[in-house]
2 protein chains.
Amino acid sequence: MSDLPIKPLRIDAAANYIDAIYRLTEGRDEAATTNALAEELGITSAGVSIMIKRLAAQGLVDLTPYEGVKLTAEGLRRALRIIRRHRILEIFLVNILGFGWHETHPRARALERVIDDAFEDRMDEILGHPTRCPHGNPIPTRDGQLLPLTDVALTSVEPGTSGTISRVTTDDADELKYLSSLGLALDLPVRLVEIAPFDGPVAADLNGRTVHLGPRLADSIRINVHENARGAARREAAG
Amino acid sequence: MSDLPIKPLRIDAAANYIDAIYRLTEGRDEAATTNALAEELGITSAGVSIMIKRLAAQGLVDLTPYEGVKLTAEGLRRALRIIRRHRILEIFLVNILGFGWHETHPRARALERVIDDAFEDRMDEILGHPTRCPHGNPIPTRDGQLLPLTDVALTSVEPGTSGTISRVTTDDADELKYLSSLGLALDLPVRLVEIAPFDGPVAADLNGRTVHLGPRLADSIRINVHENARGAARREAAG
DNA sequence: CCGCTGATTTAAGTCAACTTAAAATTTCCT
DNA sequence: AGGAAATTTTAAGTTGACTTAAATCAGCGG
Ligand SMILES: [Mn+2]
Ligand SMILES: [Mn+2]
Ligand SMILES: [Mn+2]
Ligand SMILES: [Mn+2]
């Protein structure tokens, strides 16, 4: 009497690993270690070790024992499909459903694994084909193209360098809530004032107001350096 | 580095059974049989038999061996929470995402088990607190209240009786698509013309046009009989 | 080069939710 | 009522994704 039964009650675990591996290795070219994955997924390293062997057998990751895993081309392709869904969902949760940017990540994680292509396409269209998530991360195209990131960590530039907030890399709800309570938002002008030594606080001029952040939290802030200010930033890259 | 890991990769199976039991027993007061559940869930009867015993142990169903199961008060409460989500999601898929009424059911089934209360509340608010799904089924309130149904099967009234389409009980995408291709939609005026004998076709006047439906499909159409038409039909029958 | 430490892998076992095959029970038909 | 057919339950086994405990390996400090 009903149509296709919704059979798979257990969700594709491989996708979960692929997704986690992507997040852990995004940007840098390293392999994801067993321990890091275990931490990220909330399971034991032993479990991860077993599972990544299966992923390797399926051709989704390259596994170097005692080293870690990297996504294969196919693994990356799948990861980017999930990442796209995740980021579109986050925008959807904010723009359409009215959630705050600190309320999107776990919800998008839960939804990203059950929606289909049509759902993704509808959201994309309704949202006007967004190019980044509420936290500034770029959204891959449907065929897996991804704009290269041009931003740098706020904590990596010379004091005095100014730019605009491009991205926030934390997913933690409390941290995000705190940041927005400070008035921080994407695309705001920002200038690094100083970084106190010995893991000290980071002072930044945010849209005219000075804020002081713990070094770990400040690390999660990415900025696009202003053209005219770039000279100051370049010294960092060289040094 | 991330917040709470999305641990439960396996979805609450009990909820799936509860939901199926509710759908199978909605309206009528019978118990859901093992076989019917197996069919609905797409698993073997043996599997269902084992599982409903666990549900009974959890106090979610009353099980009479070789008879079937009924939801307990607690089971019903949980079912209504899921049904509410399902129906709100269906409306959301139609009104916000632009899907057709034949494209909602499996998607809503997939989503209903991963969204949380806040998500449900946002949808409800955005949709203006809808009271029925795209197929006419009433949406329970958050505390489990459900308006009693007052409609009857199109095939159960006397020829000549008129009313308005209140509900369509099939979930099948092709059937739904076919019905809307005939111009059928909720709240349209309809009048039963005749039911041919020997499981023959059902003729109905739909908003001025006469349509002919197979008996099974016609059975899935529910109508609210017009007040004035009710007397007329009855007089006709009496006279 | 040795041995310690922490990271990783293997081994063995658990668990929920299934499966198939066989046994039990109810229903239906003559 | 009596026996076949259908339905339901039990028994036993499978699967994926874990777990804990034990074994193995890599990097380093001396
Ligand atoms: Mn996210
Ligand atoms: Mn994001
Ligand atoms: Mn439905
Ligand atoms: Mn519906």
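Since the model is a prediction, treat every value here as computed from it, not as a measurement.
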Looking only at the side chain of A/A13 (C-beta and beyond, no hydrogens), which of the listed nucleotides C/dA17, D/dA17, C/dT9 gets closest?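 From the listed options, D/dA17 comes nearest.
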Could you please name the option among C/dA21, C/dA16, D/dT19 that lies closest to any side-chain atom of B/R10?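 In terms of side-chain proximity for B/R10, the closest of C/dA21, C/dA16, D/dT19 is C/dA16.
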Could you state the [atom1]-[atom2] distance from [X] to [N], rounded to the nearest angstrom?
X	N	atom1	atom2	answer
A/D12	D/dT15	CG	C1'	15 Å
B/I50	C/dC18	CD1	C1'	8 Å
B/Y66	D/dA5	OH	C1'	15 Å
B/E39	D/dA6	CD	P	16 Å
A/I11	C/dA16	CD1	C1'	15 Å
A/L55	D/dC18	CG	P	11 Å
B/I52	C/dC18	CD1	P	13 Å
A/L41	D/dA17	CG	C1'	12 Å

Using 0.5 Å steps for rounding, measure from the CD1 atom of A/I195 to the OG1 atom of A/T155.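 Between atom CD1 of A/I195 and atom OG1 of A/T155 there are 5.5 Å.
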Answer with base, sugar-phosphate or nothing: what part of the nucleic acid does A/T44 contact at a heavy-atom distance below 4.0 Å?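 The residue A/T44 makes base contact.
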Non-hydrogen side-chain atoms of B/K53 and B/L63 separated by less than 4.5 Å: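 Side-chain contact under 4.5 Å: yes.
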Does any non-hydrogen side-chain atom of A/I96 lie less than 4.5 Å from one of A/M123?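 No - every pair of side-chain heavy atoms lies 4.5 Å or more apart.
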DNA chain D: 5'-proximal contact among A/V48 and A/E67 (nearest heavy atom):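 Final value for this comparison: A/V48.
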Strictly below 4.0 Å: does [X] bring a side-chain N or O up to OP1 or OP2 of [N]?
X	N	value
B/Y17	C/dC18	yes
A/T34	C/dT9	yes
A/N35	C/dT8	yes
A/R54	D/dA17	yes

B/R107/A/D116 salt bridge by N-O under 4.0 Å criterion: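 B/R107 and A/D116: salt-bridged.
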Can you spot which of B/T104, B/I115, B/L97 makes a side-chain contact (heavy atoms from CB on, under 4.5 Å) with B/F92?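 Only one option passes, and that is B/L97.
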